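Data block below; observations after.
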Amino acid sequence: MQLSIAIGTTLDMAQILGQGDRHLRWLRDLVPVSLSARGSNIRISGEAQAVSHAAAVLAELQKLIQRNVHIDREQITALVQQFASLETAAPTAELLDVTAQGRIIEARTPGQKRYLEAIFAHDLVVCTGPAGTGKTYLAVATAVSLLRRNQIRRIVLVRPAVEAGEKLGFLPGDLQAKVNPYLRPLIDALHDMMPYEHIKRFMANDVIELAPLAYMRGRTLNDAIIIMDEAQNTTPAQMLMFLTRLGERSRMIVTGDPTQVDLEPGQQSGLDDAVHRLRRVRGVAHVQLEASDIVRHRLVQKIVDAYTPKPEAACFKP
């Protein structure tokens with residue numbers, strides 16, 4: 001496995017590498033990986049667990065350097081010991097063995113922690129909540145982690161082709177060109193977590209599949225993690241069709257924001273319908289994220305609050 005770590009623009013690459021690249025040499029002595037620096041990136045190669053271990057050390061090293069902590073061999077050794085559990089432990093609700101922009105992806109709010117706990121404990125998870133709460137991002141990170149650990153063989157990313165009344169067939173190009181605009185958020189999440197070359201190879205080998213919801217009919221997906229984004233834009237019939245694609249040794253994650261439905265007026269959202277119908281089904285979990293779980297730009301939470309209907313003040317007659 002290979003992983004490329006991007007060093008933050010506020011840091012001097014020489015500080016990360018150390019004099020004569022000694023920080024990398026010390027890390028290589030302690031963790032069985034190959035390390036090389038090019039431009040503002042550090043490439044790590046080796047077994048998946050060892051690569052995740054080294055990536056976690058480098059992410060923490062950046063934080064220490066930003067705080068002007070002196071880095072020596074003892075400090076590197078302490079960091080390696082701190083993250084040693086990554087080489088043997090499975091990903092958890094607290095910490096995934098996946099990095100994005102040089103940082104280990106982890107639950108950042110209590111709601112996100114409940115979400116990851118549900119994913120690891122259930123074969124089907126429905127997650128609802130406002131924009132910016134990490135519904136899609138954490139689902140994709142979990143899928144990448146399970147793929148790297150050979151716990152699944154495929155990642156299937158699905159989205160309904162519904163955007164402000166636009167129809168899939170009206171877009172130019174082949175199927176891939178048509179679905180790309182709809183699947184862009186899923187692709188962006190993948191690009192944060194995997195090098196482009198890996199994504200391209202996995203897609204060519206059908207390890208990662210991007211597909212519109214309409215192309216799910218008639219399929220059974222085994223040994224896979226299947227993620228449907230923007231599920232509020234499905235009808236109940238489409239949701240039933242999608243949910244019944246779940247095969248042996250597979251997991252399914254359904255995400256959506258019930259406040260952003262783009263269906264035709266009068267159509268019921270399949271997401272709302274599924275939450276109601278499956279609420280007592282064993283093996284299915286529903287996680288509701290709130291505005292307090294928003295982890296995007298600080299203004300996003302305020303924007304969501306501004307657009308959330310407020311209950312009218314009660315009127316009391318004398």
Side-chain angles (χ1 to χ4, degrees), residues 111-112 115 118-119 124-143 155-171 175-192 208-217 219 221 224-246 251-278 284-291 293-296 300 303-304 307-308:
Q112 288 188 344
Y115 180 30
I119 291 173
L124 172 58
V125 175
V126 180
C127 182
T128 56
T133 50
K135 304 183 297 294
T136 303
Y137 203 80
L138 290 176
V140 173
T142 303
I155 298 174
V156 182
L157 305 175
V158 181
R159 227 180 176 215
V162 177
E163 293 294 338
E166 198 171 37
K167 302 300 182 182
L168 188 67
F170 293 161
L171 295 175
L175 174 62
Q176 195 61 49
K178 289 176 185 291
V179 302
N180 269 347
Y182 299 100
L183 297 167
R184 193 74 242 177
L186 297 168
I187 298 171
D188 289 344
L190 275 176
H191 281 174
D192 274 0
I208 295 177
E209 178 183 355
L210 307 172
L213 177 61
Y215 287 77
M216 289 294 102
R217 187 174 299 279
R219 303 180 62 183
L221 300 168
I225 186 163
I226 311 110
I227 300 170
M228 178 161 68
D229 191 30
E230 299 291 342
Q232 74 274 5
N233 289 328
T234 63
T235 65
Q238 289 173 325
M239 179 63 77
L240 173 61
M241 180 272 290
F242 174 78
L243 295 178
T244 52
R245 303 308 96 200
L246 186 63
R251 298 169 186 258
M252 185 173 279
I253 305 171
V254 177
T255 70
D257 181 354
T259 69
Q260 296 189 17
V261 178
D262 295 314
L263 296 171
E264 295 292 332
Q267 283 189 303
Q268 183 184 9
S269 169
L271 179 61
D272 290 338
D273 183 65
V275 168
H276 174 73
R277 290 177 183 272
L278 302 176
V284 179
H286 172 221
V287 179
Q288 171 70 53
L289 298 178
E290 308 293 344
D293 295 304
I294 292 174
V295 293
R296 283 185 191 163
V300 174
I303 291 168
V304 170
Y307 276 82
T308 301

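As the structure is a prediction and not an experimental result, all values here were calculated from the model.
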Distance in Å, [X] [atom1] paired with [Y] [atom2], rounded so as to fall on 0.5 Å steps:
X    : Y    : atom1 : atom2 : result
D273 : L240 : CG    : CG    : 9.0 Å
T133 : D257 : OG1   : CG    : 7.5 Å
R159 : T234 : CZ    : OG1   : 12.5 Å
R219 : F242 : CZ    : CZ    : 10.5 Å
L124 : M252 : CG    : CE    : 7.0 Å
D293 : Q112 : CG    : CD    : 6.0 Å

Heavy-atom pair of closest approach, residues [X] and [Y]:
X    : Y    : answer
Y115 : C127 : CE1-CB, 3.4 Å
P130 : L289 : CD-O, 3.4 Å
K135 : G129 : NZ-O, 3.1 Å
I227 : A143 : CD1-CB, 4.1 Å
P258 : D272 : CB-OD1, 3.6 Å
M216 : A211 : CE-CB, 3.7 Å

Would you say that [X] contacts [Y] through its side chain, given a criterion of any heavy-atom pair below 4.5 Å between the two side chains?
X    : Y    : result
I226 : R245 : no
M228 : T255 : no
I253 : I225 : yes
L246 : L221 : no
T235 : Q267 : yes
L190 : I208 : yes

Report yes or no: do D192 and Y137 form a side-chain donor-acceptor pair below 3.5 Å? yes

Using atom types as modelled and distance alone, determine if a side-chain donor or acceptor of [X] lies under 3.5 Å from a backbone N or O of [Y].
X    : Y    : result
S269 : Q232 : yes
N233 : V261 : no
Q238 : L213 : no
R251 : I119 : yes

Would you mind telling me which of V158, V140, L157, L186 makes a side chain to side chain contact (heavy atoms under 4.5 Å, CB included) with D229? L186

Hey, is CZ on R217 packed in by over 12 heavy atoms from elsewhere, all under 6.0 Å? no

